[in-house]
Asker: 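What follows is a structure written as structure tokens; I'll ask about it next.
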There are 2 protein chains.
Amino acid sequence: MPKRVTAKEIAQALGISTMTVSRALNNRPNVDEKTRQKVLETARKMGYIPNLIAKSLVLRKTSTIGVVVPEITHSFFPEVVRGIEEVSYQAGYHIILAHTNENAQREISVIHTLISKQVDGLLVSISQSVENFEIYQQVVQRGLPLVFYDRCVKGLGVNCVRLDDRESAAKITRHLIEHGYERIAHISGPQNVLISEMRLKGFKDAVEATGIELDERLIVPGGFHEESGYRAMQQLLALPAGKRPRAVVAVNDPAAFGAMKAILEAGLRIPQDVAIVGFSDDIRAELMVSPLTTIRQNAYEIGRRAALKLIDLIEEKSNSVEEIVIHGELVVRHSCGC
Amino acid sequence: MPKRVTAKEIAQALGISTMTVSRALNNRPNVDEKTRQKVLETARKMGYIPNLIAKSLVLRKTSTIGVVVPEITHSFFPEVVRGIEEVSYQAGYHIILAHTNENAQREISVIHTLISKQVDGLLVSISQSVENFEIYQQVVQRGLPLVFYDRCVKGLGVNCVRLDDRESAAKITRHLIEHGYERIAHISGPQNVLISEMRLKGFKDAVEATGIELDERLIVPGGFHEESGYRAMQQLLALPAGKRPRAVVAVNDPAAFGAMKAILEAGLRIPQDVAIVGFSDDIRAELMVSPLTTIRQNAYEIGRRAALKLIDLIEEKSNSVEEIVIHGELVVRHSCGC
DNA sequence: TTAAATTATGTTAGCGATAACATGATGGTT
DNA sequence: AACCATCATGTTATCGCTAACATAATTTAA
């Protein structure tokens, strides 16, 4: 193992003190320009790379942000991470990525590790199975800056950057209404998940605003996946002729894909017979036989904003508790017939 | 900012020395069981969390692996990261993720940072624009364990875990040949990228093994994206009637999607008129009008194997230089007509 | 019972860097 | 020439922890 060069060794090589070397390397004032040049050159020649571990210990600052991700494979999170990375890199912070695999136990373990590693702040999206929020309170009590992104916990006084699920669901539903559709159905997601609930609420908001009475039969429990969308749609199509929906708002794109399959299999056309819209702009949405109208969520922006807020907290440029909402963008394609 | 509890404070609270506290917390022998219990309990009560930065400094080991990723958004890499994470977590290592955005300059900067942070080893997939390999040599010279994954550099004596692009391309081509197709075309990728080259070679291997002479007109330069696949296919379809291909091997799935579009637009059927296969099992492959036959690459496995090898190097359980090849899996769907 | 072996605990030094203070060198001012 | 400001450099202590050695307490063996 080749010995690693330290600042002390540079100092010895030049016959000066370690402190002067440190000052020269860190571009501090009060160093003679000639000395600085000598130090820089010697450092380069000797292949010196500073030890940030030692530096962090004395400065009590690591310039590192801990990022807790529940599910790295889902395309949404990598995009968020890209946003976080971009901002962090610019601001001179590094990130340590920790993956919980949607496991509450692992989330606690991972947060402990990040604290042990003395991160300057934490960005967390909570795992689905989390029910106990004690760990977040511990983090807050330690005075460690914390920002939730995408999946937030309310009532802890913690900053949060999230999507406007309710507003976006209302927006896309309104879009259908404005184009004259009347009997509009909703294929909803799992009942206990916040985003399903918010999207359902948004759907109701839009429908109720029209004054038309909401037909509860047009709200069918589905799920986040294709099969659930497929089954939910079959259920809708089984309604008596006059009661069938003319348009459908699916809780997300995969559910919409399943629903589309059911519609086509029933010999109906999209959007002439049944119009359909999704949510989240899946990479496949554009490639469907009838390209899907949907809501595009700016995951990158969530990452960016969360990182910006966190760094502000770390550097004490801000200490307010905010809830930052990133608005979804309506992407109109063929499937809504608009 | 609440003061953080240190081992020293636990020692003071109990009237014992810091060293005994350290021993108790680290499950070292030669500590009285009663003392150990007292220490553990006091630590818990006081909310003690060890400072790994200080520990790393004295032990000269951080239990951290640096992972360099060229492009986090591409679904391949998150899957690799998941594999790396899984193995690392089991073995007690943390990972620091660094994203280069395919930028050579940034890759150097990022590797320097990781070294500064005293990672115990590096997992690197080189960025597309990298042409100078000096940085890797520096890493090797420092004695820092290094393993390339997916995109490797040959001739540096560095470990490498990669896919068998050439073999897999030959395999999928052979599959077409075995099902009786004769005029088989190849839509290739960018010429200067290694994987394009390997896939082209694999294609040629398979065709030449049949003894049939290779028609160079059937190899058209395309690219990794849909548009390039689309244009390349148009070019193939413009060949004189008898010279047109009966089957096509695309360099990857997106290129195949583009090609499919061109085929359908020309009024031809898949696979009855033209069969087509892709490469890399894109999430959309299954959902196409004619589900795409392709090669599934086990990205997770690449991550796993690379991390295992790196940890072996770090812990000096191995010092051999290996090239580990992960084999692609043929996924037969509708588009090849087999 | 007393020396030797074993176990529990303490002391000192140092990981590699920097803050805070101290000192030495230079130069300008009256 | 004497004095003070300014700049360049050095010294010491410390960040929180652990290795290595030293010592004290206890047990075992003869």
Side-chain angles (χ1 to χ4, degrees), chain A residues 1-40 42-43 46-64 112-113 115-120 142, chain B residues 1-40 42-43 46-64 112-113 115-120 142:
Chain A
M1 172 79 78
K3 200 159 136 302
R4 270 141 212 202
V5 182
T6 69
K8 198 171 167 189
E9 282 158 19
I10 298 178
Q12 279 164 353
L14 290 171
I16 60 179
S17 80
T18 324
M19 201 57 225
T20 302
V21 172
S22 169
R23 280 191 273 251
L25 291 171
N26 288 286
N27 286 310
R28 304 297 266 276
N30 297 344
V31 181
D32 189 86
E33 196 48 39
K34 269 180 275 173
T35 312
R36 163 166 294 141
Q37 289 309 326
K38 264 193 296 185
V39 170
L40 260 41
T42 311
M46 297 176 77
Y48 173 75
I49 298 191
N51 185 328
L52 289 185
I53 291 284
K55 186 170 182 167
S56 298
L57 184 59
V58 39
L59 295 187
R60 291 218 190 68
K61 156 136 183 132
T62 53
S63 295
T64 302
H112 271 123
T113 304
I115 297 176
S116 289
K117 295 210 129 197
Q118 312 294 115
V119 294
D120 294 339
R142 285 198 137 236
Chain B
M1 174 80 78
K3 200 160 137 303
R4 271 141 211 202
V5 182
T6 68
K8 199 172 167 188
E9 282 157 19
I10 297 178
Q12 278 164 353
L14 290 171
I16 59 178
S17 80
T18 323
M19 202 55 226
T20 303
V21 172
S22 168
R23 279 191 273 250
L25 291 170
N26 288 285
N27 285 311
R28 304 299 268 275
N30 297 342
V31 180
D32 189 85
E33 196 48 39
K34 268 180 277 174
T35 312
R36 163 167 293 140
Q37 289 310 327
K38 264 194 295 186
V39 170
L40 259 41
T42 311
M46 297 176 75
Y48 173 75
I49 297 190
N51 186 327
L52 289 185
I53 292 284
K55 185 170 183 167
S56 298
L57 184 59
V58 34
L59 295 186
R60 290 214 190 71
K61 156 135 185 134
T62 53
S63 295
T64 302
H112 271 123
T113 304
I115 297 175
S116 290
K117 296 210 127 196
Q118 312 295 117
V119 294
D120 294 340
R142 285 197 135 236

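All chains are named by letter (A, B, ...) in the order of the sequence lines, taking the proteins before the strands, and each is independently numbered beginning at 1. Heavy atoms only: backbone and side chains are in, while hydrogens, waters and symmetry mates are out.
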Asker: Can you give me the N/O atom pairs linking the protein to nucleotides 24-28 of chain D at distances under 3.5 Å, or say none if there are none?
Answerer:
none

Asker: Does B/Y48 put a side-chain nitrogen or oxygen below 4.0 Å from OP1 or OP2 of D/dG16?
Answerer: no

Asker: Quantified as the angle between the terminal helix axes (five pairs each), what is the overall bend of the helix from C/dT1-D/dA30 to C/dT30-D/dA1 to 10 degrees?
Answerer: 50°

Asker: Without swapping roles, check the side chain of B/S22 against the backbone of B/T18 for a donor-acceptor pair under 3.5 Å.
Answerer: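 No; zero donor-acceptor contacts below 3.5 Å.
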
Asker: At the 4.0 Å heavy-atom cut-off to chain A, mark where contacts on DNA chain C begin and end, going 5' to 3'.
Answerer: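 Boundary nucleotides touching chain A, in 5' to 3' order, are C/dG16 to C/dA20.
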
Asker: Could you pull out the closest heavy-atom pair between A/M46 and A/V5, with the gap in Å?
Answerer: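 Distance-wise, the nearest heavy atoms are O-CG2, 3.1 Å.
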
Asker: Look at all strands and tell whether A/R36 reaches a base, only sugar-phosphate, or nothing, counting heavy atoms closer than 4.0 Å.
Answerer: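 Nothing: the residue A/R36, judged by heavy atoms under 4.0 Å, touches no strand.
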
Asker: Let me know the distance between CD of B/Q12 and P of D/dC17, rounded to the nearest Å.
Answerer: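 It works out to 12 Å between those atoms.
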
Asker: Roughly how far apart are A/T113 OG1 and B/L52 CG, rounded to 0.5 Å?
Answerer: 7.5 Å

Asker: So which of residues 50-62 of chain A are in contact with DNA chain D, with a heavy-atom cut-off of under 4.0 Å?
Answerer: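 Correct list: A/L57, A/V58, A/R60.
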
Asker: What residues form a side-chain hydrogen bond (donor to acceptor under 3.5 Å, both in side chains) with A/S17, not counting sequence neighbours?
Answerer: A/T20

Asker: For B/A24 and B/L40, which heavy atoms make the closest approach, and how far apart are they?
Answerer: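 Shortest heavy-atom contact: O-CD1, 3.9 Å.
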
Asker: If I compare all heavy atoms of A/D120 with all of A/S63, which pair ends up nearest, and what's the gap?
Answerer: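 A/D120 and A/S63 have their closest heavy atoms at OD2-N, 2.6 Å.
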
Asker: Please name all residues satisfying side chain to side chain contact (heavy atoms under 4.5 Å, CB included) with A/T6, sequence neighbours left out, ordered by chain then number.
Answerer: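 A/T6 satisfies side chain to side chain contact (heavy atoms under 4.5 Å, CB included) with A/K8, A/E9 once adjacent residues are dropped.
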
Asker: Taking atom OG of A/S56 and atom CG of B/N51, what is their separation to the nearest 0.5 Å?
Answerer: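 Nearest 0.5 Å value for the OG-CG distance: 9.5 Å.
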
Asker: Check whether A/T62 reaches the backbone of A/Q118 with its side chain - one donor and one acceptor, N or O, closer than 3.5 Å.
Answerer: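 Such a contact is found between A/T62 side chain and A/Q118 backbone.
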
Asker: Give each protein N/O atom lying under 3.5 Å from an N/O atom of nucleotides 6-8 of chain D, with the pair distance.
Answerer:
none

Asker: Please list, for nucleotides 10-12 of chain D, all pairs of protein and nucleotide N/O atoms separated by less than 3.5 Å.
Answerer:
from, atom 1, to, atom 2, distance (Å)
D/dG10, OP2, A/S17, N, 2.7
D/dG10, OP2, A/S17, OG, 3.0
D/dG10, OP2, A/T20, OG1, 3.0
D/dG10, N7, A/R23, NH2, 3.0
D/dG10, O6, A/R23, NH2, 3.4

Asker: Do the non-hydrogen side-chain atoms of B/V39 and B/I16 ever get within less than 4.5 Å of each other?
Answerer: yes

Asker: Taking side-chain hydrogen bond (donor to acceptor under 3.5 Å, both in side chains) as the definition, give me every residue that meets it alongside B/T42, ordered by chain and number, with sequence neighbours left out.
Answerer: none

Asker: Applying side-chain hydrogen bond (donor to acceptor under 3.5 Å, both in side chains), name anything that partners B/Q12, two or more places apart in sequence or on another chain.
Answerer: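 For B/Q12 there are no side-chain hydrogen bond (donor to acceptor under 3.5 Å, both in side chains) partners, ignoring immediate neighbours.
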
Asker: Which pairs, with at least one residue in residues 24-37 of chain B and sequence neighbours excluded, count as a salt bridge (Lys or Arg N to Asp or Glu O under 4.0 Å)?
Answerer: B/E33-B/R36

Asker: Would you kindly give the CG-to-P distance between A/L14 and D/dT9, to the nearest whole Å?
Answerer: 11 Å

Asker: Considering residues at least two apart in sequence or located in another chain, which fulfil the side-chain hydrogen bond (donor to acceptor under 3.5 Å, both in side chains) criterion with B/K55?
Answerer: B/N26

Asker: Say you draw a straight line from OG1 of A/T64 to NZ of A/K117; how long is it, rounded to the nearest 0.5 Å?
Answerer: 9.0 Å

